[in-house]
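The next block holds one structure in the form of structure tokens; read it before the comments.
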Amino acid sequence: MVKIEKWEKAIPILESLTLQYPNDADLFYVLGLSYYETEQFKNAVIVLKKTLESGGTILTDIPTGSAPSNDIMIKIAKAYAEDGDKENALLWLKKGFASRYDEKPFLKGDPAFKSFNEDEEFQQVFGYRSHLGLSRGESWVSDIDYLEEQILELHYNPFHSMSKTDFDKKILGLKSEIDSFSDEQIIVELMKILGSLGNGHNLIIPTSPNKGALRKLPVQFYQFNDGLFIVGAEKGFEKWIGHQVELIGNTTAEDALQKTNAVNARDNDMQTLWLGPYYLGLPDVLQGLGIVENTDQVTITLKDSNEKSQKVIMDPVSWNFSGFPKMPKLINKEQPIFLSKIEDPYWYKLIPENKSIYVQFNAVTQKEAQSLEAFTIELRSQTSKNDIQHLILDLRHNHGGNGSILPPMLKTIINFELMNPGGNVFVLMGRETFSAAQNLLTDITKYTNAILVGEPSGSKPNHIGEAGWFKLPYSGLMGLISTQFHQTSKAEDNRKWIAPHIPVNLSSTDYFNGNDKALDTVMKVIQTTESRK
């Protein structure tokens, strides 16, 4: 009844069940949601509190609900607010925030709080301080203070890679230099502070602020095993695609890439290869790292395929951040299979000549047309009726997403291995296999004998993850802070990444020629396996 949102019909059933099974927090949780949706707010508060008293729930796929305890605290705050109890609403908001609730900036305009969302006390809960009469410097200092509060409130363990003393020095040092920095330079300094937190789910959205939004170069870089190359470009700059970057300013591409670690809060060095080129495309970051002096014109030394070098001056352009870039499709060429549908979260292709199915899983999300669970059901059907012996799962473009929806995919892979003892599961992986995709990869290695091919993964088997949002009141700057620890592997597992069984790196030559050495390697293994039968 709850899953199809028949709230009123569900209530008497749940009321009876909670009397019979008073130790089941799941029952109180869905009863609390049912009360809330039928505007029985006092009852909702009572039973949602009972849910928390029992330790909360991990139920997922419940309409209008979310399982973490901090989400339940926010639901209690909303129930109090809808019932006109401002004092308790604010109290439970603060409790939820203290428990690392991760959607704080998006709550401010929630209709549940409409009766008092302009009150000063409510505004202060969200970091609002009046900037009337404050200088620019004082306003920025208030933002820095709020960011410090958010790091301490949200981060699972902010001092796992640096001491509290060093953190305080960074905060105080930036405050003392505010008047000598432009808005853009302040943003870069804040990026350095987040970079020093030392794990991969901390970042700043550089185009989000009202003051100091960063511009980017009109090209996209990628680090191959033979150097840094331009792989994408804005209109008018396409001719530079395929050129190798030798120098940015007077700094070698290799040294510049290493310098990006100051702003790149990363789980491991694969994230230097993945995200370092992104940061090299931001002139203000280049200036803040001492790579260039002038952010309005950046000189890059490029080398073409004939080894001829030339200096190119590039002016930055405005843009809107929409996530970290993926390896782009090739220009004016037929796409290899691994680049053909990178915008599609999940899809497959049968390769009957090798008794194989290629499954590309690009984002841990749900498609409107077909849920991930429905997709995995289709996979099981296709592998069964087409005598598929080998499953190839490609996670190379997968930066993660909603990890709670992963079980059907994991079960499908385990089931495939059990039902096809003469075949193999292969996983293509690399620097962009991150977050929820890393969790899936870790589970696959725990429960199957999958053969891993490609680069080391972009995160750790056990890592600090999730993403708690913040928004600075004066500048409007938004970003993410790591809020939870994911122990997907053994407690003693301290690996920096999961390494492939068959290492295969991508060269610029292979990429620009549309070759996929990793997939080719898998096909050779399959052909060898089949020939021995």
Side-chain angles (χ1 to χ4, degrees), residues 66 70-71 74 93 96-97 100-110 113 117 122-131 136 139-156 158 170-171 174 178 181-197 199-216 262-266 275 278-279 281-285 288 316 318-325 365 399-402 434-435 464-484:
S66 184
N70 52 24
D71 282 38
I74 299 302
L93 272 178
F97 295 159
R100 300 197 299 273
Y101 178 73
D102 56 14
E103 297 285 330
K104 185 174 181 178
F106 310 110
L107 264 184
K108 192 173 180 183
D110 193 286
F113 306 110
N117 62 14
F122 180 79
Q123 295 283 331
Q124 287 176 348
V125 172
F126 290 87
Y128 174 80
R129 284 94 163 166
S130 174
H131 295 100
R136 167 189 174 273
S139 296
W140 268 114
V141 166
S142 72
D143 265 9
I144 296 169
D145 286 338
Y146 185 67
L147 177 60
E148 180 180 13
E149 292 172 11
Q150 291 304 285
I151 291 173
L152 297 177
E153 178 181 285
L154 284 169
H155 201 289
Y156 173 79
K170 291 178 183 292
I171 294 290
L174 177 54
I178 284 294
F181 286 144
S182 68
D183 291 340
E184 290 78 11
Q185 288 172 325
I186 294 170
I187 299 297
V188 174
E189 294 304 308
L190 293 176
M191 293 171 78
K192 290 180 183 178
I193 289 174
L194 259 68
S196 66
L197 295 177
N199 59 281
H201 282 75
N202 301 288
L203 62 96
I204 279 175
I205 310 300
T207 60
S208 64
N210 303 318
K211 306 175 189 303
L214 303 190
R215 298 171 297 169
K216 76 175 185 71
V263 293
N264 185 2
R266 61 204 186 282
L275 298 180
Y278 155 76
Y279 287 112
L282 305 179
D284 292 292
V285 171
S318 298
W319 60 300
N320 288 314
F321 181 87
S322 58
F324 288 117
T365 188
H399 302 169
N402 179 7
F434 179 70
S435 194
I464 302 173
E466 296 304 313
W469 285 92
F470 67 83
K471 182 176 183 179
L472 304 188
Y474 167 68
S475 63
L477 181 70
M478 296 189 70
L480 299 169
I481 296 171
S482 304
T483 60
Q484 304 292 338

Fill in: Full working for salt bridge (Lys or Arg N to Asp or Glu O under 4.0 Å) between Lys104 and Glu153
CA-CA 11 Å; Lys104 185 174 181 178; Glu153 178 181 285; 3.6 Å; yes
Worksheet item: If only atom types and distance count, is the side chain of Lys192 paired as donor or acceptor with the main-chain N or O of Gly288 below 3.5 Å?
Response: yes
Practice prompt. Going by the side-chain contact (heavy atoms from CB on, under 4.5 Å) test, name the single residue among Arg215, Lys216, Glu184 that passes it with Leu282.
Written response: Lys216
Discussion item. Tell me whether Ser435 contacts the main-chain N or O of Gly400 through its side chain, where contact means a donor paired with an acceptor under 3.5 Å.
Written reply: no
Worksheet entry | Donor-acceptor pair between Ser482 and Asn199 side chains, under 3.5 angstrom | yes
Item to complete: May I ask you to decide if Phe321's main-chain N or O and Thr207's side chain share a donor-acceptor pair within less than 3.5 Å?
Response: yes
Discussion item. If the test is side-chain contact (heavy atoms from CB on, under 4.5 Å), which one of Thr483, Asn202, Leu480 qualifies with Leu154?
Written reply: Thr483
Discussion item. Can a donor-acceptor pair be found, under 3.5 Å and without considering hydrogens, that links the side chain of Glu103 to the backbone of Gly468?
Written reply: no
Worksheet entry | Side-chain donor or acceptor of Asn70 paired with backbone N/O of Arg100 under 3.5 Å | yes
Worksheet item: Within the side chain of Tyr101, is there an N or O that forms a donor-acceptor pair under 3.5 Å with the backbone of Leu93?
Response: no
Worksheet item: Asp143 side chain to Ser475 main-chain N or O, any donor-acceptor pair under 3.5 Å?
Response: yes
Fill in: Nearest-0.5 Å distance, CD1 of residue Ile144 to CD1 of residue Ile171
7.0 Å
Worksheet item: Which atoms form the tightest heavy-atom contact between His155 and Leu197, and what is the distance?
Response: CD2-CD1, 3.9 Å
